[in-house]
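Read the structure below first, then the notes.
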Amino acid sequence: MAKRTAPLLLLTLAVGLAGGSQGDREPVYRDCVLRCEERNCSGDALKHFRSRQPIYMSLAGWTCRDDCKYECMWFTVGLYLQEGHRVPQFHGKVSLNAWFWSTVFHTRDTDLTEKMDYFCASAVILHSVYLCCVRTVGLQHPSVASAFGALLLLLLTGHISYLSLVHFDYGYNMMANVAIGLVNLAWWLVWCLRNRQRLPHTRRCMVVVVLLQGLSLLELLDFPPLFWVLDAHAIWHISTIPVHTLFFRFLEDDSLYLLKESGAMFKLD
């Protein structure tokens, strides 16, 4: 039993020690968050923050610390741009959880690790749809994005409850994820096509969503392993790596566009 448990413990420790993204580790960012919390997140300042906080942000659980982290992220981005450096990634932990459980499940197939792999994969797909909503609708109508996020949480809760308490149906799980994936594909494509002239970087997004949906066929159309080593599922995992790199390039370019459009000015205190 100890031999079986040791690898899982090592993987858990590795995830705990891993840094999700470069931006989070920047001393300027960390110092900014610390000073912001000291200035805004206690006493009368905290009461003022809560009194002016929109109701939809309060319902979404957005805290004063979250607000500091968000503002300091853009502050740090501004410094990177001033120095001519590439913009670092921030808060890169959402997908890390899914990849962690995927690794655990493929290392040791048990009832628990299988469920965690499937549930986290569904969460990532729903998060992608939420991200799409935030970018296409939420910037102009934040309350709509918050309500849609709450709906997605309810869907995820119902999905997990059904698979855990009623029947772990592989066919239903696959079809549910494919359906959400198609919604994600259609939504991104419509938005990208409408904005392709004004925002040339949306072409990367179109390529990404089409490739991801096409690669998902590897999950549906199974075949015997190549050289008895690489099966369809393994090839799917390998193939998605460069696609996510391309999607990050789109997010980077789009963030720079939004930063430029807002005309935000950054300066050192």
Side-chain angles (χ1 to χ4, degrees), residues 15-83 85-98 120 123-124 126-157 191 248 250-269:
V15 170
L17 295 173
S21 48
Q22 178 184 346
D24 302 33
R25 302 193 299 270
E26 283 295 330
V28 172
Y29 169 80
R30 291 176 178 270
D31 182 62
C32 175
V33 173
L34 179 61
R35 287 187 288 112
C36 178
E37 286 188 287
E38 291 176 347
R39 185 170 60 248
N40 300 320
C41 299
S42 62
D44 292 337
L46 179 58
K47 293 179 181 178
H48 177 67
F49 167 79
R50 289 173 176 169
S51 67
R52 63 182 176 84
Q53 185 182 34
I55 185 64
Y56 64 84
M57 295 187 71
S58 178
L59 292 175
W62 187 264
T63 66
C64 181
R65 175 174 172 77
D66 293 328
D67 204 62
C68 285
K69 291 167 68 176
Y70 178 78
E71 296 296 334
C72 289
M73 176 187 70
W74 286 112
F75 173 75
T76 308
V77 166
L79 295 181
Y80 264 74
L81 293 177
Q82 288 180 6
E83 297 297 325
H85 300 302
R86 289 175 59 85
V87 176
Q89 182 189 28
F90 287 84
H91 314 305
K93 297 177 177 63
V94 174
S95 295
L96 184 61
N97 184 58
C120 290
V124 168
L126 289 172
H127 181 266
S128 180
V129 178
Y130 175 68
L131 176 64
C132 180
C133 177
V134 169
R135 178 60 184 93
T136 61
V137 180
L139 296 181
Q140 293 77 30
H141 308 284
S143 58
V144 175
S146 297
F148 186 69
L151 173 63
L152 292 179
L153 283 176
L154 287 175
L155 290 177
L156 180 63
T157 302
W191 179 78
F248 177 75
F250 158 71
L251 294 177
E252 182 181 42
D253 291 341
D254 197 50
S255 297
L256 292 175
Y257 163 76
L258 292 173
L259 183 63
K260 182 179 179 180
E261 185 184 56
S262 66
M265 299 298 293
F266 297 91
K267 60 181 180 179
L268 287 170
D269 291 339

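Here, residue 1 is the first one in the sequence, and each next residue gets the next number. Fair warning: this is a prediction, and the values are worked out from it, not measured in the lab. The analysis underlying the following values was restricted to heavy atoms, covering all of them including side chains, and did not include hydrogens, waters or symmetry mates.
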Pair Arg65-Val33, side chain to side chain contact (heavy atoms under 4.5 Å, CB included): steps then yes or no: CA-CA 8 Å; Arg65 175 174 172 77; Val33 173; 3.7 Å; yes
Evaluation steps, side chain to side chain contact (heavy atoms under 4.5 Å, CB included), between Arg135 and Leu258: CA-CA 10 Å; Arg135 178 60 184 93; Leu258 292 173; 3.7 Å; yes
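Atom CG of Asn40 is separated from atom CZ of Arg35 by 11.0 Å, given to the nearest 0.5 angstrom. Note that CH2 of Trp74 and OG of Ser255 are 4.5 Å apart. Values are rounded to the nearest 0.5 Å. Here the CG atom belonging to Leu256 is positioned 11.0 Å from the CG atom belonging to Leu251, to the nearest 0.5 angstrom. Taking SG of Cys32 as the reference point, atom NZ of Lys69 lies at 12.5 Å (rounded to 0.5 Å). Interatomic distance, Met73 CE to Glu26 CD, rounded to the nearest 0.5 Å: 14.0 Å.
Counting heavy atoms from C-beta on, the side chains of His127 and Leu152 never come closer than 4.5 Å. For the pair Leu259 and Leu81, the minimum side-chain heavy-atom distance is below 4.5 Å.
Between Cys68 and Cys41, the sulfur-to-sulfur (SG-SG) separation does not fall under 2.5 Å. Cysteine sulfur proximity is not satisfied for Cys36 and Cys72, their SG distance being 2.5 angstrom or more.
In this structure Asp66 satisfies the side chain to side chain contact (heavy atoms under 4.5 Å, CB included) test together with Trp62, Thr63, sequence neighbours excluded.
Under the 3.5 Å distance criterion, the side-chain polar atoms of Ser58 are left unmatched by any main-chain donor or acceptor of Ile55.
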What pairs of donor and acceptor atoms, side-chain ones from residues 139-147 against any protein atom, are under 3.5 angstrom apart with sequence neighbours left out?
| from | atom 1 | to | atom 2 | distance (Å) |
| --- | --- | --- | --- | --- |
| Ser146 | OG | Pro142 | O | 3.2 |

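Residue Phe148 is tested with Val129, Val134, Val137 for a side-chain contact (heavy atoms from CB on, under 4.5 Å); the sole match is Val129.
Closest approach of Trp191 and Asp254 over heavy atoms only: CH2-OD1, 4.4 Å.
Identified under the salt bridge (charged side-chain N to carboxylate O under 4.0 Å, His left out) test for residues 143-156, with sequence neighbours left out: none.
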